[in-house]
Structure formats: C-alpha cells, structure tokens
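The structure appears right after this line, and notes come after that.
Only a predicted model underlies this, so the values are computations on that prediction, with no experimental measurement involved.
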Amino acid sequence: MDGNGRWARARGLPRTVGHNYGAEAVRQAVKGAAQCGVDYLTLFGFSSENWKRPAAEIDDLMGLLKLYLNREIDELHQNGVRLKVIGDRERLGADVVRLIEAAEGRTAGNSRLVLTVALSYGARAEIVLAARRLLQAAERGEVSPGELDETAFESFLLTAGMPDPDLLIRTSGEKRISNFLLWQCAYAEFVFLDKHWPDFGIDDLQAAIAEYQGRSRRYGAAQ
C-alpha cells in the first residue's frame, strides 16, 4: 500500500493526512474483496524497515492503527471478516498488541474473508524465524531432516494454513517486492498501479482481478 506520503505531499498536506486517507482505502479494499468473492486479502501495513522512519511519523501510524482496531472491528466482525496479524509483535507497543489479540480473538470464528495485516513484518526475518522453529522442532524429535520438504517448511511460516497469494497488487508506481512474502509469492501474478494508495478504490481492485483472470498460470510447465 504505497504512496500515502507522496499523495499528501502532492497536495501540500502533512504525511499524516495521507495515512488517514490510506486507512479509508483499506476499508474500500476490504469491502471490495468481499464483494468480489476473495477469500484471503493480505495487506502490507508496516514493514520491519519502516521502523527507520522519523519517530513522530511512527507514532502517528501506531495511533492510526489503534484507532482502526478500535473503530473497525465491529464492522469487520458483523461482515464475517476474520482478522489476523503477522510480523514481529515484540516491537509493537503493549497496548497495540492487546488490541490485536482482542480483535483476532473476536473475529476468529468468521469465514467470509480472512484479512491478514502484516505489521512490523519482513519476509527474510520470517524465513529465518521459520528455520529456527524447524531446528527447535528437530531437536525435540518432532521433525526428521530426511522428511523435510516444502510443505513441512511452510508449516513453520507465519502464514501457515493460508494459501499462497494468487495476485499481488502494488500501488504508487513501485515495481519491486520489497521483502514481502518472498516464499509465498513464488508464483503470484503481479499488477503494478501508478496511482497512490489513497486513490485506490474498489474499481481498481476489480480491474486488477480482471487482468489476473486473463493471464495463463503455467507454474513452469509447458502450455
């Protein structure tokens, strides 16, 4: 979800205003995904690299996150959306973690749409964490190295139990993956949009899905 700051700067507004409008785009994306019959929607909300941003901006983002968790969970729950958060929670404030845990618990039984938000997330760190978990399981005798395969390794990732993404959409004209779901996106189709995230709407999601549906996915096999 790129471009909140650039969207605001182009209008002579503070970056925080861009983040607020970006939060509204999140609401539209969730609504549109449910309307389109999408089962899983994963949003890259805050990367492990984003901790390098100015402290004031991080504080604003965390405040917006808390506001979202307080304000939107009722509607998500009523609409059958299950919320999951992946990433390094140890770097998040205790108050944020409590809100996340409460939201996850309240929506755990919902099945219309699984909304996963990546916070304080980096894909390389996730893979290292999975490897560490795997080694610990092997030390306990729960995993045999000779039986290790991709399916077994995936069970140690933060996305365990979720299907790999079919489609990755990136806004703001950026054309890179930026440490997001590196393992899981091995065969995802990519759609890049020049517009900034605050301008992203349901029509953009529908157009991206239509483009995806017109592609041929061969997974390395001959057609």
Side-chain angles (χ1 to χ4, degrees), residues 1-7 21-50 76 79-87 110-119 121-127 130 149-223:
M1 301 184 290
D2 289 317
N4 290 347
R6 278 165 283 177
W7 181 92
Y21 275 84
E24 176 57 30
V26 169
R27 296 183 78 253
Q28 294 301 310
V30 174
K31 179 179 178 181
Q35 290 177 352
C36 292
V38 172
D39 295 320
Y40 291 84
L41 174 66
T42 302
L43 302 176
F44 202 179
F46 190 85
S47 74
S48 52
E49 290 77 18
N50 287 155
L76 291 177
N79 289 314
V81 177
R82 179 184 178 185
L83 177 69
K84 297 180 63 176
V85 174
I86 59 173
N110 297 336
S111 58
R112 182 183 182 189
L113 169 69
V114 177
L115 170 62
T116 303
V117 181
L119 295 174
Y121 171 87
R124 286 183 173 181
E126 178 192 21
I127 293 171
D149 57 13
E150 291 184 9
T151 300
F153 185 80
E154 286 172 352
S155 68
F156 292 94
L157 293 169
L158 297 175
T159 55
M162 295 170 55
D164 287 342
D166 293 306
L167 170 65
L168 186 147
I169 303 170
R170 183 156 188 176
T171 57
S172 200
E174 306 291 358
K175 295 180 174 62
R176 56 181 180 271
I177 197 167
S178 293
N179 203 18
F180 181 60
L181 300 180
L182 295 177
W183 175 283
Q184 297 89 337
C185 283
Y187 283 100
E189 296 290 327
F190 286 19
V191 169
F192 299 107
L193 301 178
D194 288 331
K195 64 173 53 180
H196 298 314
W197 176 250
D199 290 326
F200 185 88
I202 293 177
D203 56 335
D204 297 301
L205 178 62
Q206 292 172 336
I209 292 174
E211 182 175 341
Y212 161 80
Q213 290 173 330
R215 297 184 184 179
S216 174
R217 305 183 74 195
R218 298 182 295 278
Y219 299 96
Q223 188 171 6

CA sep, side-chain torsions, deciding dist, call: L181, F44, side-chain contact (heavy atoms from CB on, under 4.5 Å): CA-CA 9 Å; L181 300 180; F44 202 179; over 6 Å; no

Any donor-acceptor N or O pair under 3.5 Å, side chains R82, T116: no

Donor + acceptor pair across side chains of Q184, E126 (<3.5 Å): yes

Pairwise side-chain contact, [X] with [Y], heavy-atom cut-off 4.5 Å (strictly under):
| X | Y | value |
| --- | --- | --- |
| I177 | C185 | yes |
| K84 | T42 | no |
| I202 | K31 | yes |
| L83 | V81 | no |
| N4 | P198 | yes |
| F200 | L205 | yes |
| R6 | S172 | yes |

Please check this pair: side chain of [X] against backbone of [Y], looking for a donor-acceptor N/O pair closer than 3.5 Å.
| X | Y | value |
| --- | --- | --- |
| D149 | T151 | yes |
| T171 | D2 | yes |
| N179 | R124 | yes |
| D204 | G201 | yes |
| S47 | E49 | yes |
| T159 | M162 | no |

Heavy atoms only: give me the nearest [X]-[Y] pair and the separation to one decimal.
| X | Y | answer |
| --- | --- | --- |
| L41 | A33 | CD2-CB, 4.0 Å |
| Y187 | R217 | O-NH2, 2.9 Å |
| P165 | A188 | O-CB, 3.5 Å |
| L157 | A130 | CD2-CB, 3.7 Å |
| L113 | A34 | CD2-N, 4.4 Å |
| V26 | W197 | N-CZ2, 3.8 Å |

Mark yes when over 12 heavy atoms from residues, nucleotides or ligands other than [X] sit less than 6.0 Å from its [atom1]; otherwise mark no.
| X | atom1 | answer |
| --- | --- | --- |
| Y21 | OH | no |
| R215 | CZ | yes |
| F192 | CZ | yes |

Go through the steps for E150 and W183 under the test side-chain contact (heavy atoms from CB on, under 4.5 Å), then give the verdict. CA-CA 10 Å; E150 291 184 9; W183 175 283; 4.1 Å; yes

Hey, are D39 and R112 close enough for a salt bridge, meaning a charged N less than 4.0 Å from a carboxylate O? no

Determine, stepwise, if the pair S178 / R170 fulfils side-chain hydrogen bond (donor to acceptor under 3.5 Å, both in side chains). CA-CA 10 Å; S178 293; R170 183 156 188 176; 2.8 Å; yes

Might you work through the side-chain contact (heavy atoms from CB on, under 4.5 Å) test for Y212 and V191, ending with a clear yes or no? CA-CA 8 Å; Y212 161 80; V191 169; 5.5 Å; no

Anything under 30° is parallel, anything over 60° is perpendicular, the rest tilted; go ahead and classify Y121 against F180. perpendicular

Calculate, to the nearest 0.5 Å, the distance between atoms CD and CG belonging to Q28 and D203 respectively. 9.5 Å

Show your working on side-chain contact (heavy atoms from CB on, under 4.5 Å) between L168 and E189 and close with a plain yes or no. CA-CA 6 Å; L168 186 147; E189 296 290 327; over 6 Å; no

